Asks: 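Input: one structure, supplied below.
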Amino acid sequence: MSVPKETVILAYSGGLDTSCILVWLLEKGYRVVPCMVDVGQGDDFEAARKKALSLGAEKIYIEDRKEEFVKNYIWPAVQAGLRYEGRYLLGTALARPCIARCLIEVAKKENATYISHGATGKGNDQVRFELSCYALHEGVRFLAPWREKDFLEKFIGRKELLEYCTQRNIPVKATKDKSYSEDDNLMHISYESGILEDPATVAPTDMYQMTRNVEDTPNTPSMICIEFKAGMPTKLTDDSTKAVIASDPVPIMLELNKIAGMHGIGRIDIVENRFIGMKSRGCYETPAGTVIWAAHEDLELITLDKEVRNIKEGLSLQLGQRIYNGMWFSAEGEYLRDCISSSQGCVNGHVHMKLFKGNAMVISRESPNSLYNEELVSMDLAGDYEPADVTGFIRITALRLREQLRMKTAAAAAAAAKK
């Protein structure tokens, strides 16, 4: 009686790496079930299905998780105003826990022994995938080929992978001269490695896919309005025609990606600190995210209490670091998201924006929860404010400054007396 093969759920893209990994695992004697998670990457899923089955997989899961990705991961990131190291909007880091949750669901259905992925041994994604899975399923085990000695000895790099494809009749579109790698989803496209590993090398402008070069953008701006409820986008409107462009999560992201991308908005080229300790260079396109983040920040400034927002900014910094490091499902990640979410009940209203030549400019805003008091702030009206009271306010605020001066003066005098 033959022993049943151990089942491996492979996070599959249909690209070079995971196609080779699929065949390599089959040759190792595993039952391999590929799983493609649609988070808006725009792949040809039917072609990938046929390819996986032709390579020897007995079945494949193709899971549409776009709405889940936006509602459960991108929108909470908007509420938090997440940025890693002040610039990166975490497009890849937000997608990984969404994908990991799906992989775990499939692993349970298939009673799988292992989960496998094509993440490299030097990157963040191996950590993000595996930490997320550990948080969701007790006893989960991994086969990470790019950390396996026999795989690394066989496949030193891209050249060997392509040779393996030729030997095993694995159809791939990749070529030996591709000069960078990319990863995309509904929120962004990231580019790294290859020629981009030298931070002094200027990234080729024809690399970018979601955004136009500024020189090629329209000479007429797009005027839009984003409506928020509880800190989350609920409607995208063309301010020029008052026509509603989108009012559901996925269409809002899709349509705003098109509009903002047409105006060259959302490109960044940065060096960042990976969780595992090395610095890396990445180029990112996040058109819709860049616009939404700017609109949300503006609305917060008119609706949130000053001290609440100050505290929230500190929490956002901590949450961004943890999500970058793969800790979405950690206790602290959940706690920080809950704290931040509790601040967003009043972040309601409309933000009007002008998108033009690479810039997302807020031009006006209104909110039923606005803390802005026009009469109070006016230079032409007194309002409920007495300017004379500021004298005491300044003097009390300056108390510790005056005490610091007193101490420094006394110390200087004492030092002079010893000379």
Side-chain angles (χ1 to χ4, degrees), residues 75-83 86-87 89 221-240 242 265 289-320 335-356 359-410:
W75 279 184
V78 171
Q79 288 182 311
L82 293 184
R83 287 183 175 86
R87 295 184 289 177
L89 298 185
S222 290
M223 313 300 290
I224 65 164
C225 174
I226 303 176
E227 180 178 351
F228 290 86
K229 291 182 181 177
M232 293 181 285
T234 57
K235 187 185 295 183
L236 175 65
T237 303
D238 184 331
D239 250 355
S240 300
K242 304 306 177 186
I265 293 167
T290 299
V291 174
I292 292 170
W293 257 248
H296 177 267
E297 181 177 37
D298 188 85
L299 191 59
E300 274 196 338
L301 286 166
I302 200 172
T303 57
L304 279 191
D305 173 79
K306 171 187 173 182
E307 296 305 325
V308 169
R309 190 169 190 281
N310 285 343
I311 293 170
K312 186 238 170 187
E313 279 191 304
L315 297 177
S316 175
L317 177 64
Q318 294 186 53
L319 181 59
Y335 171 74
L336 287 165
R337 290 197 303 277
D338 286 345
C339 287
I340 289 170
S341 179
S342 70
S343 74
Q344 296 294 294
C346 62
V347 185
N348 306 301
H350 299 79
V351 180
H352 303 271
M353 304 185 73
K354 176 181 179 180
L355 310 183
F356 189 58
N359 295 299
M361 297 165 278
V362 174
I363 57 174
S364 68
R365 77 290 294 160
E366 62 265 351
S367 169
N369 303 101
S370 175
L371 293 174
Y372 187 90
N373 186 330
E374 187 175 352
E375 181 179 306
L376 181 62
V377 78
S378 173
M379 295 297 182
D380 300 319
L381 298 170
D384 185 20
Y385 182 81
E386 178 54 62
D389 293 343
V390 181
T391 301
F393 171 77
I394 295 173
R395 185 166 179 79
I396 292 298
T397 302
L399 179 60
R400 67 186 183 90
L401 303 177
R402 290 184 284 122
E403 282 298 292
Q404 289 173 9
L405 178 61
R406 179 187 61 77
M407 177 272 294
K408 291 176 181 178
T409 301

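Since the model is a prediction, treat every value here as computed from it, not as a measurement. For this chain, numbers begin at 1 and follow the sequence in order. Only this structure's heavy atoms are used, side chains among them; waters, hydrogens and symmetry mates stay out.
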Asks: For H350 and C225, work out which heavy atoms get closest and say how close.
Replies: CB-SG, 3.7 Å

Asks: How many angstroms lie between atom CD1 of I363 and atom CG of D298, to the nearest 0.5 angstrom?
Replies: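 Answer for the CD1-CG pair, I363 versus D298, is 11.0 Å.
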
Asks: Output a table of donor-acceptor pairs, distance under 3.5 Å, between side-chain atoms of residues 309-317 and any protein atom two or more places apart or on a different chain; print 'none' if there are none.
Replies:
{"unit_1": "R309", "atom_1": "NE", "unit_2": "E300", "atom_2": "OE1", "d": "3.2"}
{"unit_1": "R309", "atom_1": "NH1", "unit_2": "E313", "atom_2": "OE2", "d": "3.3"}
{"unit_1": "K312", "atom_1": "NZ", "unit_2": "Q79", "atom_2": "O", "d": "2.9"}
{"unit_1": "K312", "atom_1": "NZ", "unit_2": "A80", "atom_2": "O", "d": "3.3"}
{"unit_1": "K312", "atom_1": "NZ", "unit_2": "E300", "atom_2": "OE1", "d": "3.1"}
{"unit_1": "K312", "atom_1": "NZ", "unit_2": "E300", "atom_2": "OE2", "d": "2.6"}
{"unit_1": "S316", "atom_1": "OG", "unit_2": "A80", "atom_2": "O", "d": "2.7"}

Asks: Could you tell me whether the side chain of Y385 reaches within less than 4.5 Å of the side chain of V390, counting heavy atoms only?
Replies: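 Yes - at least one pair of side-chain heavy atoms lies under 4.5 Å apart.
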
Asks: Start with the C-alpha distance between I292 and W75, add both sets of side-chain angles, then the distance that settles side-chain contact (heavy atoms from CB on, under 4.5 Å), and finish with yes or no.
Replies: CA-CA 10 Å; I292 292 170; W75 279 184; 4.2 Å; yes

Asks: Quick one: do V362 and E297 satisfy side-chain contact (heavy atoms from CB on, under 4.5 Å)? Show the steps, please.
Replies: CA-CA 10 Å; V362 174; E297 181 177 37; over 6 Å; no

Asks: What's the shortest heavy-atom distance between L319 and I340, and which atoms?
Replies: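 The answer is CD2-CD1, 3.8 Å.
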
Asks: Using the side-chain contact (heavy atoms from CB on, under 4.5 Å) rule, take E366 and H352 through it: C-alpha gap first, then chi angles, then the decisive distance, then the call.
Replies: CA-CA 9 Å; E366 62 265 351; H352 303 271; 2.8 Å; yes

Asks: First locate atom CG of L304, then atom CG of L371, and finally report the distance between them rounded to the nearest 0.5 Å.
Replies: 8.0 Å

Asks: If we ignore hydrogens and angles and just use 3.5 Å, is the side chain of D238 paired with the main-chain N or O of I224 as donor and acceptor?
Replies: no

Asks: What pairs of donor and acceptor atoms, side-chain ones from residues 400-407 against any protein atom, are under 3.5 angstrom apart with sequence neighbours left out?
Replies:
{"unit_1": "R402", "atom_1": "NH2", "unit_2": "R395", "atom_2": "O", "d": "3.1"}
{"unit_1": "E403", "atom_1": "OE1", "unit_2": "R406", "atom_2": "NE", "d": "3.1"}
{"unit_1": "E403", "atom_1": "OE1", "unit_2": "R406", "atom_2": "NH2", "d": "2.9"}
{"unit_1": "E403", "atom_1": "OE2", "unit_2": "R406", "atom_2": "NE", "d": "3.4"}

Asks: Could you tell me whether the side chain of N359 and the main chain of M361 form a donor-acceptor pair under 3.5 Å?
Replies: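 Side chain of N359 to backbone of M361, a donor-acceptor pair under 3.5 Å: no, none is there.
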
Asks: Which atom names give the shortest non-hydrogen contact between V78 and F228, and what distance separates them?
Replies: CG1-CE2, 4.3 Å

Asks: Between the main-chain N or O of N348 and the side-chain N or O of S367, is there a donor-acceptor pair closer than 3.5 Å?
Replies: yes

Asks: Hey, what do you get for CD1 (I396) to CD1 (I394), rounding to the nearest 0.5 Å?
Replies: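 So the CD1 of I396 and the CD1 of I394 are separated by 11.5 Å.
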
Asks: Any idea which heavy atoms bring L299 and V347 closest together, and the distance?
Replies: CD2-CG1, 3.8 Å

Asks: Would you name the heavy atoms of L82 and L89 that are closest together and state the gap between them?
Replies: O-CD2, 3.6 Å

Asks: Indicate the atoms forming the closest heavy-atom contact of C339 with S342, along with that distance.
Replies: O-OG, 2.6 Å

Asks: Return yes if some donor-acceptor pair links the side-chain N/O of T397 with the main-chain N/O of F393 below 3.5 Å, else return no.
Replies: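 Side chain of T397 to backbone of F393, a donor-acceptor pair under 3.5 Å: yes, one is there.
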
